[in-house]
Amino acid sequence: MISTRVVATAGYVPEQIISNDDLSKIVDTTDEWITQRTGIKERHISAGENTSVLVTNVAKKLLERASVSAEEIDLIIVASVTQDYGTPSLACMIQKEIGAVHAVAFDVIAACSGFMFALSTADKYIKSGGYKNAIVIGGETLSKIVDWTDRATCVLFGDGAGGAYVEASGEAGIIREDIGSAGDQYEILTEGYTECANAFNDKESSIHPKWYVNMNGREVFKFATKNVAKSIKKVLEEEQITQDQIKYFVPHQANVRIVEVVSKKLGIPFEKFYINMDRFGNTSSASIPMALNEMNEKGMLEAGDLVVLSGFGGGMTWGTMLIRW
């Protein structure tokens with residue numbers, strides 16, 4: 001039976017670091033206010049690098065770390081809500097930059113769950129037997145869609161990219177998943193709304209207020225704590241394993257309070273959840289692969305370890321994966 005194994009990971013963030021104190025100079029907030037409510041202390045913000053630059057850097061690192069050539073790549077999937085263009089896709093831009101001339105390349109949109117959806121898609125392509133490997137990346141420059149006058153949202157987000165090179169294997173890699181969508185709640189988290197203005201109606205073409213991130217924080221918190229806990233529990237029960245058998249849980253890095261609630265609901269020690277949002281903020285689709293890569297670079301993961309990745313995002317969406325390292 002074909003499995004999909006994670007062979008290499010990589011991450012990339014812009015050099016510029018913006019602290020909570022830096023934010024307090026442009027919006028009515030304080031380091032204490034942000035830290036107490038989110039656990040975030042600083043974030044990396046692009047000084048001009050667009051999303052394509054971030055994700056291409058990750059792709060190049062993945063090729064090097066996996067010791068494969070660009071010509072060998074079968075599939076490139078990128079998750080993002082902050083693409084450079086409506087079209088072409090970021091994946092096609094990567095294809096050009098690295099010279100992956102034989103790859104099928106496309107993007108997926110599932111907001112902060114995007115990497116989970118992209119990895120799930122790559123898994124299905126590989127298990128079909130028609131594709132041997134894939135580069136899967138989540139990348140965002142959220143700084144370009146944030147309203148920097150809105151203290152409720154601008155303090156949360158950062159820019160960055162992370163990804164994995166995966167390939168077909170006879171060993172267990174991606175073992176089980178649970179992904180889902182709740183479109184009936186789409187309005188609690190939106191961004192990028194474009195007015196339908198054209199030469200044959202009387203609407204004015206201008207930036208709509210919902211172009212920027214708009215979020216009902218209370219409802220998003222409720223959605224996340226309910227669905228992430230439910231999804232993790234479902235994956236563990238279906239695979240008939242206990243949380244004690246899992247070495248690490250890697251959550252979407254949105255808000256430390258969400259992770260604390262999920263930890264309490266499931267009876268999982270908070271220490272088993274890997275947290276780096278204090279240094280990167282919420283990087284949406286990039287957060288889980290960035291965290292996974294950081295763990296990998298620190299030597300925290302060993303062959304045979306069971307790891308659970310779990311996130312949620314706009315749509316609304318959620319996704320959980322059980323992986324054997």
Side-chain angles (χ1 to χ4, degrees), residues 1-9 11 38-39 112-113 115-120 122-123 127 136 138 162-164 166-167 169-180 221-280 282 286-313 317-325:
M1 181 177 178
I2 300 174
S3 291
T4 304
R5 184 171 68 96
V6 177
V7 175
T9 63
T38 69
C112 303
S113 305
F115 180 75
M116 305 305 298
F117 278 58
L119 189 56
S120 173
D123 179 48
K127 286 179 178 175
V136 184
V166 298
E167 65 181 21
S169 172
E171 304 172 1
I174 297 174
I175 299 172
R176 188 171 291 274
E177 69 171 39
D178 173 57
I179 62 173
F221 190 94
K222 285 167 59 179
F223 178 90
T225 52
K226 174 186 176 182
N227 286 284
V228 171
K230 183 180 178 181
S231 186
I232 291 175
K233 183 179 180 181
K234 179 181 179 182
V235 165
L236 295 183
E237 288 181 348
E238 288 181 348
E239 197 56 32
Q240 297 183 344
I241 62 174
T242 68
Q243 59 97 351
D244 294 331
Q245 295 172 267
I246 306 300
K247 188 167 185 181
Y248 292 108
F249 293 82
V250 186
H252 167 45
Q253 308 290 312
N255 186 318
V256 73
R257 307 303 167 216
I258 291 174
V259 182
E260 288 173 347
V261 172
V262 171
S263 168
K264 186 175 181 180
K265 278 188 172 185
L266 295 175
I268 300 171
F270 182 76
E271 295 71 27
K272 293 190 77 168
F273 289 86
Y274 187 78
I275 302 295
N276 67 0
M277 68 189 74
D278 55 316
R279 291 174 286 114
F280 298 105
N282 180 347
S287 79
I288 290 176
M290 281 174 58
L292 188 65
N293 175 64
E294 196 170 63
M295 296 168 70
N296 196 19
E297 290 182 340
K298 289 179 178 180
M300 296 172 64
L301 301 171
E302 299 177 355
D305 285 344
L306 290 174
V307 180
V308 169
L309 316 178
S310 189
F312 66 94
T317 58
W318 70 87
T320 298
M321 253 182 205
L322 172 65
I323 295 176
R324 187 177 298 279
W325 200 251

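Please read these numbers as outputs of a predicted model, since none were measured by experiment.
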TODO: Output yes when a side-chain donor or acceptor of Asp305 lies under 3.5 Å from a complementary backbone atom of Glu302, and no otherwise.
DONE: yes
Open item on the list: Nearest 0.5 angstrom please: Glu171 CD to Met1 CE, how far?
Closed with: 14.5 Å
Task: Lys247 atom NZ, neighbour heavy-atom count above 12 within 6.0 Å - done: yes
Task: Any donor-acceptor N/O pair, Ser120 side chain to Met116 backbone, under 3.5 Å - done: no
- [ ] For the residue pair Ile246 and Leu236, establish whether any side-chain heavy-atom pair is separated by less than 4.5 Å.
- [x] yes
Task: Exam field: side chain Arg324 to backbone Gly304, donor-acceptor pair closer than 3.5 Å - done: yes
Task: Salt bridge present between Glu237 and Lys234 (N-O < 4.0 angstrom) - done: no
Open item on the list: Nearest 0.5 angstrom please: Asp123 CG to Ile175 CD1, how far?
Closed with: 11.0 Å
TODO: Quick one: sort the Phe312 and His252 rings into parallel, tilted or perpendicular, breaks at 30° and 60°.
DONE: perpendicular
Task: Nearest heavy-atom neighbours spanning Val259 and Met277 - done: CG2-CE, 4.2 Å
Open item on the list: Lys230 vs Asp178, test: side-chain contact (heavy atoms from CB on, under 4.5 Å). Steps then yes/no.
Closed with: CA-CA 10 Å; Lys230 183 180 178 181; Asp178 173 57; over 6 Å; no
Task: Min side-chain heavy-atom separation Met321-Val308 under 4.5 Å - done: no
TODO: Indicate yes or no: at least one non-hydrogen side-chain atom of Pro251 is less than 4.5 angstrom from one of Ile275.
DONE: yes
Task: Check: Phe273 ring centroid to Phe249 ring centroid under 6.0 Å - done: yes
TODO: Check step by step if side-chain contact (heavy atoms from CB on, under 4.5 Å) holds for Ile179 and Phe117.
DONE: CA-CA 7 Å; Ile179 62 173; Phe117 278 58; 4.2 Å; yes
TODO: Taking the side chain as every heavy atom from C-beta outward, state whether Ile258 and Phe223 have any pair of such atoms under 4.5 Å apart.
DONE: no
Open item on the list: For Gly313, is there any backbone N or O sitting under 3.5 Å from a side-chain donor or acceptor partner on Ser113?
Closed with: yes
Task: Shortest non-hydrogen contact from Ala286 toward Gly138 - done: CB-O, 3.3 Å
TODO: Not counting sequence neighbours, which residues clear salt bridge (Lys or Arg N to Asp or Glu O under 4.0 Å) with Lys233? List them please.
DONE: none
Task: From OG1 (Thr38) to CG (Asn282), nearest 0.5 Å - done: 10.0 Å
Task: Heavy-atom closest contact (Ser3 atom, Lys127 atom, distance) - done: CA-CE, 4.3 Å
Open item on the list: Check this for me: does any side-chain nitrogen of one of Glu260 and Lys265 sit under 4.0 Å from a carboxylate oxygen of the other?
Closed with: no
Open item on the list: So Leu119 and Ile174, do their side chains get closer than 4.5 Å, heavy atoms only?
Closed with: yes
Open item on the list: For a quick test of reading the model, state the closest non-hydrogen atom pair linking Ile232 to Ser310 and the distance between them.
Closed with: CG1-OG, 3.6 Å
- [ ] May I ask you to decide if Thr320's main-chain N or O and Glu177's side chain share a donor-acceptor pair within less than 3.5 Å?
- [x] no
Task: Check: Thr242 main-chain N/O paired with Gln245 side-chain donor or acceptor under 3.5 Å - done: yes
Task: Within-4.5 Å side-chain heavy-atom neighbours: Met300 and Trp325 - done: no
Task: Taking every non-hydrogen atom, the tightest pair across Val6 and Ala164 - done: CG1-CB, 4.1 Å
TODO: Give a yes or no answer on whether the side chain of Glu297 reaches the backbone of Thr9 with a donor-acceptor pair at less than 3.5 Å.
DONE: no
Task: Any side-chain heavy-atom pair of Leu322 and Ile241 under 4.5 Å - done: yes
Task: Test log, rule side-chain contact (heavy atoms from CB on, under 4.5 Å), inputs Phe221 and Arg257 - done: CA-CA 9 Å; Phe221 190 94; Arg257 307 303 167 216; 3.8 Å; yes
Task: Any side-chain heavy-atom pair of Val7 and Val166 under 4.5 Å - done: no
